[in-house]
Amino acid sequence: MTGAPAIWARGVAKSFGGAPVLRDVSFDVARGSVVCVLGASGSGKTTLLRCLAQLETPERGVMGIEGELLGHVERGGALHKLPARSLALQRLRTGMVFQRFNLFGHMTALRNVMEGPVTVQGRPRAEVEREALALLDKVGLAHRAGHYPAQLSGGQQQRVAIARALALRPAAMLFDEPTSALDPESVGDVLAVMRAVAESGVTMVVVTHELAFAREVADRVLFMDGGSIAEDAPAETFFAAPGHPASRAFLAAALSRPNPSETIAP
Amino acid sequence: MTGSFSYDFAEEAERLCALPVRRRPAWGHIVSATLIVVVCAWIVRAFALGQIEWRYVGAFLFAPSILRGLGATLLMSACAMALGLVVGLGLAVGRLSSSLVPRWFSIAYIWLFRGVPVILQLLVWFNLALIFPHVGLPGLGEVRTVDVMTPFLSALLGLGLNQAAYIGEILRGGLQSIDRGQYEAAEMIGMTRGVALRRIILPQAMRVVIPPLGNEFINMIKLTSLASMIQYPEILHNAENIYYANTRVMELLIVAGFWYLMAVTVLSPLQHLLERRVSRGSL
Ligand SMILES: Nc1ncnc2c1ncn2[C@@H]1O[C@H](COP(=O)(O)OP(=O)(O)O)[C@@H](O)[C@H]1O
Ligand SMILES: [Mg+2]
């Protein structure tokens, strides 16, 4: 199976109240690679990611992660919807990092990271705690293990959220504008952690407006426009010679702005 | 011009700072406090001079049947509240469910049980034998309803199922107060809906629902007095039995009132402790 994509989608379509948001989206993500999803606000980036995370159900199309069909099982020449329990287990394979962190407010940073492995996977508490502390250390927050989310800054919360997702050893990590809700000073810390995650070989799909990050870390760029993938190219190609008029306009507009993290609204 | 202004102002400010600050006399407080004291004194006098034999109050305050009644009141409050919480949680989850049947069942239940007076519900449960003379499960045998529908069970069902309608609405508000992102984050770490509800959503909803639930519990303690109508031997029922015999009505009502007041008084600090405990993590 080497060479088979870690994540793939074919003909994915989704609409909200009759308005199409994703139209016939198809792409592959190679194992261990980083794909950045770029595009204007409202072009369907979040919806695409939420379909991969199975927080939304596409109306048409098939997706797969690490050799498994997402949300379906093939039986008797047809695809059958997975029952809720199997769906929950399948979600363990994808870690999701939300724009608004969504840490569990009643748990300390450490408990947030431990919750999945202990409650869902049923792993021994002592072993999980050691791992969770190591993960918090990796994201630079070992000294904040006992803090509640409300006592942490946005950037710190987002780094805990990354550790929480990594604690389940997912096959792929999905990021939805992880730095858009942060003040400019904490953006760098979160991007540094994401860079480290990428270097550790985890497959990543990152929706972002941080072009510098995309240019440096991404292997490929998916450029979305009006619910379709307008361009799917290696990162160098995309930034050096964007092939689609919409990508050219997007890049030109973005480069004329001084600091993307300050000027692009979530 | 600016200079002379600021010079004048500095002098003026200094003069103002040197002035003593006098409190405004709190006429409103003085008048209302006097009124309250006068009214209270008048009531106390009326009770002291009225046909109240205080030695009866003293004699029956710790009478065994009154204390048994207190126990029965507390037991019923706890049981009915527990039943109300369990059924109420089901109603809240059903009300927020995306499928039609649980949602409409919850709506209909809450409509019915909130719309009918509790005392009437108690009487219906107590007299259930008039509609269903026998109850039982097929294969497990049957019993006569009058034997099953004891005052305790009637009161428990009447009070608990009525309470469930109110608790259901309180819990629904609590569940709705939790951000959708919390559900989604729970789903992304592989939790099923039930586990997410138990581990993530409910503990956070507690912050919102503990104060109103505490009020419901306090209400419930007083509401159990209605069960005296269906022969449940709680405080008021036992006090009534005593004054039917010795005609010291007011004395025994004071005794009963004292114990309700005590039960509620002890509960309030417990509620505060609980509120503090569930608000961990909030600033
Ligand atoms: N839950 C929803 N209900 C209705 N419309 C939605 C919903 N989620 C997204 N949309 C719409 O779908 C379009 C794409 O949204 P989104 O995927 O969030 O775009 P992006 O992340 O690229 O900004 C937008 O027009 C948005 O209003
Ligand atoms: Mg978005």
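As the structure is a prediction and not an experimental result, all values here were calculated from the model. Quick note on labels: first sequence line is chain A, next is B, and so on, each numbered from 1.
For H143(A), the NE2 atom is densely surrounded, since the number of other residues' heavy atoms within 6.0 Å is greater than 12. Other residues, nucleotides and ligands contribute at most 12 non-hydrogen atoms within 6.0 Å of the CZ atom of R125(A). Environment of CZ in F152(B): crowded, with over 12 heavy atoms of neighbouring residues, nucleotides or ligands closer than 6.0 Å. Under a cut-off of 6.0 angstrom, the local environment of CZ in R103(B) is crowded, with over 12 non-hydrogen atoms contributed by other residues, nucleotides or ligands. For F258(B), the CZ atom counts as densely surrounded, since its 6.0 Å shell holds more than 12 non-hydrogen atoms of other residues, nucleotides or ligands. Crowding of R123(A) atom CZ: a count of heavy atoms from other residues, nucleotides or ligands under 6.0 Å exceeding 12.
Of all heavy-atom pairs between G105(A) and Q182(B), the closest is N-OE1, 3.8 Å.
Note that the CD1 atom of I189(B) and the CG atom of N102(A) stand 11.5 Å from one another [nearest 0.5 Å].
At a heavy-atom cut-off of under 4.5 Å, chain A is reached by G190(B), M191(B), T192(B), V195(B), R199(B), I200(B), P203(B) from residues 190-203 of chain B, listed in order of number. Taking non-hydrogen atoms and a 4.5 Å limit, the residue list of residues 42-59 of chain A in contact with chain B, ordered by number, reads R50(A), A53(A), L55(A).
Chain B forms the most heavy-atom pairs under 4.5 Å with one residue out of T119(A), T94(A), T108(A), and that residue is T119(A).
With a 4.5 Å cut-off on non-hydrogen atoms, F104(A) touches chain B through its backbone and its side chain both. Of the atoms belonging to L103(A), it is backbone heavy atoms, and not side-chain ones, that fall under 4.5 Å from chain B.
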